[in-house]
Trainee: 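Please find one structure pasted underneath; my questions will follow.
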Amino acid sequence: SQKIEQNSEALNIQEGKTATLTCNYTNYSPAYLQWYRQDPGRGPVFLLLIRENEKEKRKERLKVTFDTTLKQSLFHITASQPADSATYLCALDGYTGGFKTIFGAGTRLFVKA
Amino acid sequence: EAQVTQNPRYLITVTGKKLTVTCSQNMNHEYMSWYRQDPGLGLRQIYYSMNVEVTDKGDVPEGYKVSRKEKRNFPLILESPSPNQTSLYFCASSSMTEIWDGYTFGSGTRLTVV
């Protein structure tokens, strides 16, 4: 079955450093890959989307890479700040008998001042 | 303000008592979806709808019903709730055009079934 894996262990980094989060998937050929931020008790907020034919996308301090051969996406936050502390979710979209989205369980990021 | 509105935010109910969680969006989005979120399992899709009168099952549809009679509304119905449906529920919507900017989520409904 389709599966997304994100590091379940929290990532702790120092303010100003680059945070790198990983999303691996199996048994899926996604048309899109998305990253979301979720704060405790709140709904996910969309950050970035990358298509299957794109290798890299940037938005301000955020960068996403997408390697369909490795079946992996990396999400980078440069010059991280304490306000970046949150859970980050990876999501895959594709047509598998209907347009379905599957989400990873997320990685919790803590940025220490 | 563009948003997805869910109601109620919190709900405690008893086993077997039918309930409806409402979801409404003001962005004229074609696509709407319901998810449940449980610790360690992430968001799991319950049902989705690609347009009015078009609904389809997600990964965990058992025990739930939906309807899409109007574009803006996508209610989630639990005909006979059970304790294993205690969870945090999210409604989401998106446009289905080429210029796609991801899903907009509601603030969530925390449901407890006792």
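Source: prediction; values computed, not measured. Just so it is clear: chains get the letters A, B, ... in the order the sequence lines come, proteins before strands, and each one is counted from 1.
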Trainee: Does F105(B) have its ring centroid less than 6.0 Å away from the ring centroid of Y36(A)?
Mentor: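 Centroid distance F105(B)-Y36(A): below 6.0 Å, so yes.
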Trainee: Is it true that W34(B) and M50(B) fall in one hydrophobic cluster, defined by side-chain heavy atoms closer than 4.5 Å?
Mentor: no
Trainee: Would L21(A) end up clustered with L62(A) when hydrophobic side chains under 4.5 Å apart are linked, directly or stepwise?
Mentor: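 Yes, it is one cluster - the side chains of L21(A) and L62(A) are joined through contacts under 4.5 Å.
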Trainee: Side chain, backbone, both or neither: which part of I4(A) has a heavy atom under 4.5 Å from chain B?
Mentor: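 Nothing of I4(A), per the 4.5 Å heavy-atom cut-off to chain B.
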Trainee: Do you know which two heavy atoms are closest between R42(A) and F90(B), and how far apart they sit?
Mentor: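 So the minimum-distance heavy-atom pair works out to O-CZ, 3.5 Å.
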Trainee: Determine whether more than 12 heavy atoms belonging to other residues, nucleotides or ligands lie under 6.0 Å from atom NZ of K57(A).
Mentor: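 Yes - once you tally the heavy atoms of other residues, nucleotides and ligands closer than 6.0 Å, there are more than 12.
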Trainee: Quick one: pull up CZ in F103(A) and CZ in R44(B) and give me the separation to the nearest 0.5 Å.
Mentor: 13.5 Å
Trainee: Does Y31(B) share a hydrophobic cluster with Y47(B), counting links as ILVMFWY side-chain heavy atoms below 4.5 Å and allowing steps through other members?
Mentor: no
Trainee: What do you reckon, is CD of E60(A) surrounded by more than 12 foreign heavy atoms closer than 6.0 Å?
Mentor: no
Trainee: Is it possible for you to say whether L88(B) and M32(B) belong to one hydrophobic cluster, with membership spreading through side-chain heavy-atom contacts below 4.5 Å?
Mentor: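 No, L88(B) does not connect to M32(B) through the hydrophobic network.
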Trainee: Heavy-atom distances under 4.5 Å only: say whether L43(B) touches chain A with side chain, backbone, both or neither.
Mentor: both
Trainee: Please answer: with hydrophobic residues joined when any side-chain heavy atoms are less than 4.5 Å apart, are I102(A) and I46(B) in the same cluster?
Mentor: no
Trainee: Do other residues, nucleotides or ligands put more than 12 heavy atoms under 6.0 Å from the NZ atom of K71(B)?
Mentor: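 Enclosed.
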Trainee: Measure distances from Q6(A) to the heavy atoms of chain B and classify the residue's part below 4.5 Å as side chain, backbone, both or neither.
Mentor: neither
Trainee: Looking at OH of Y48(B) and OG1 of T101(A), how far apart are the two atoms once the value is rounded to the nearest 0.5 Å?
Mentor: 9.0 Å
Trainee: If you count heavy-atom pairs under 4.5 Å with chain B, which of A91(A), G104(A), G43(A) comes out on top?
Mentor: G43(A)
Trainee: Taking side-chain contact (heavy atoms from CB on, under 4.5 Å) as the criterion, tell me which of L49(A), V45(A), D93(A) meets it with Y103(B).
Mentor: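 Answer after filtering L49(A), V45(A), D93(A): D93(A).
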Trainee: How far apart are the closest heavy atoms of G40(B) and A105(A), and which atoms are they?
Mentor: O-CB, 3.9 Å
Trainee: What part of Q6(B) lies closer than 4.5 angstrom to a heavy atom of chain A: side chain, backbone, both or neither?
Mentor: neither
